[in-house]
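The block underneath contains the structure these notes are about, expressed in structure tokens.
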Amino acid sequence: MTAPAPGDDPPRPTGEAPDPAAATLPPELAEAARTLFGDRLDLAAAYAELLATDGVVRGLIGPREAPRIWDRHLLNCAAVAERIPPDASVLDVGSGAGLPGLVLAIARPDLTVVLVEPLARRTSFLVEVVEELGLAKTVRVFRGRAEEAATGATGVGPFSADIVTARAVAPLDRLAAWCLPLTVRGGRLVAMKGASAADEIAEHAEAVAKLGGGEPTVRRCGVGVIEPPTTVVEIVRERVVNQPRVKSAAKRSRGGRRRAR
């Protein structure tokens with residue numbers, strides 16, 4: 001999860017202007033949306049429109065994803081809120097366009113959320129969305145890698161939280177190495193996963209234990225509300241262990257440039 005140097009972000013896609021109507025809540029999902037967002041459904045709708053317009057233009061959401069923002073992204077993420085206790089602190093690692101961190105902040109105003117994201121174009125979008133939706137009192141954006149958030153290497157932090165979330169970031173062993181140091185002892189990593197969740201647990205449970213995590217558990221969120229339910233893997237941070245520093249994908253010199261080979 002290595003942050004690129006400033007200016008390394010890929011160019012924004014060009015093409016036809018996205019259609020805001022793509023973010024319209026489908027009637028068949030209205031009941032689920034009301035259940036998950038309650039009186040903050042209008043705020044969720046405003047976020048959906050930002051994803052379907054600016055999010056597409058800036059390359060955070062693919063154009064083909066725009067019509068599926070509600071079922072594949074917003075409702076899928078909002079269902080995870082049932083696994084988070086009241087008034088908890090949340091760190092969302094690899095937040096991207098704000099999934100699931102911003103969705104959780106919208107659905108649960110009792111939470112305090114830090115969005116951890118290394119890419120400049122993504123953090124710029126997140127900062128703008130937080131301001132536009134009026135979430136600045138409960139949501140903070142941190143530009144950097146998970147390791148930097150945990151150690152305060154950038155001069156900001158270190159951060160820790162009751163719950164650390166991640167969505168489609170990495171296999172469970174690497175995810176635990178990044179996220180457990182951000183989790184308070186007794187807190188939980190709640191990782192959104194797909195059909196391979198059980199296989200990942202079987203493959204990486206030993207590595208998770210060495211990192212101080214308890215036995216990973218599969219949970220289904222939103223049962224009876226959304227179909228299919230959201231699958232998450234939960235890991236309690238049982239012990240604090242000394243971890244080796246995660247190496248960057250490429251070595252850099254003191255000046256920040258990659259060394260010539």
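Just so it is clear, the values below take in all heavy atoms, side chains as well, and ignore hydrogens, waters and symmetry mates.
A heavy-atom distance below 4.5 Å is found between the side chains of Ser95 and Leu126. Contact of the Leu60 side chain with the Arg122 side chain is registered, since non-hydrogen atoms from C-beta on lie closer than 4.5 Å. At a threshold of 4.5 Å between non-hydrogen side-chain atoms, the residues Ile163 and Pro85 count as touching. For the pair Leu172/Ile235, a side-chain contact is recorded, criterion being any heavy-atom separation below 4.5 Å from C-beta on.
When the side chains of ILVMFWY residues are joined at heavy-atom separations under 4.5 Å, either directly or via intervening members, Leu180 and Val218 end up in a single hydrophobic cluster. With hydrophobic clusters built from ILVMFWY side chains whose heavy atoms lie under 4.5 angstrom apart, Ile84 does not share a cluster with Val223. Follow the hydrophobic side-chain contacts under 4.5 Å out from Val236 and you never reach Val90; the two are in separate clusters. Val240 and Val208 sit in two unconnected hydrophobic clusters of ILVMFWY residues. Membership requires side-chain heavy atoms under 4.5 Å apart, directly or through other members.
For the side-chain contact (heavy atoms from CB on, under 4.5 Å) test with Leu91, the passing option among Thr183, Val116, Thr112 is Val116; the others fail.
Annotation: ring pair (Phe, Tyr, Trp, His ring centres under 6.0 Å) contacts of Phe142 (sequence neighbours excluded): Phe159. Taking Thr231 as the reference, Arg220 meet the side-chain hydrogen bond (donor to acceptor under 3.5 Å, both in side chains) condition, with sequence neighbours excluded. With sequence neighbours excluded, no residue forms a ring pair (Phe, Tyr, Trp, His ring centres under 6.0 Å) with Phe37. When the salt bridge (Lys or Arg N to Asp or Glu O under 4.0 Å) test is applied to Arg219, the partners found at least two apart in sequence or on another chain are Glu234. In this view, Arg239 satisfies the salt bridge (Lys or Arg N to Asp or Glu O under 4.0 Å) rule with no residue, not counting sequence neighbours. Here Asp110 pairs with Arg108 under the side-chain hydrogen bond (donor to acceptor under 3.5 Å, both in side chains) rule; sequence neighbours left out.
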Listing, residues 44-57 side-chain donor-acceptor contacts under 3.5 Å, not counting sequence neighbours, or none:
from, atom 1, to, atom 2, distance (Å)
Tyr47, OH, Ala97, O, 2.5
Thr53, OG1, Glu49, O, 2.6

Could you pull out every donor-acceptor pair under 3.5 Å between side chains of residues 73-82 and any protein atom, sequence neighbours left out?
from, atom 1, to, atom 2, distance (Å)
His73, ND1, Arg167, NH1, 3.1
His73, ND1, Arg167, NH2, 3.3
His73, NE2, Glu65, OE1, 2.9
Asn76, ND2, Thr230, OG1, 3.2
Glu82, OE1, Gly222, N, 3.0

Residues 98-107 side chain polar contacts: donor-acceptor under 3.5 Å, at least two apart:
none

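Pairs engaging residues 191-233 under the ring-ring contact (aromatic ring centres under 6.0 Å, His included) rule: none recorded [sequence neighbours left out]. Screening residues 205-217 for salt bridge (Lys or Arg N to Asp or Glu O under 4.0 Å), with sequence neighbours left out, gives Glu206-Lys210. Applying the salt bridge (Lys or Arg N to Asp or Glu O under 4.0 Å) test to residues at least two apart or on different chains, none of the pairs has a partner in residues 34-48.
Listed for the Trp178 side chain is no donor-acceptor partner under 3.5 Å among the backbone atoms of Glu147. No side-chain donor-acceptor contact under 3.5 Å links Arg237 to the backbone of Gly186.
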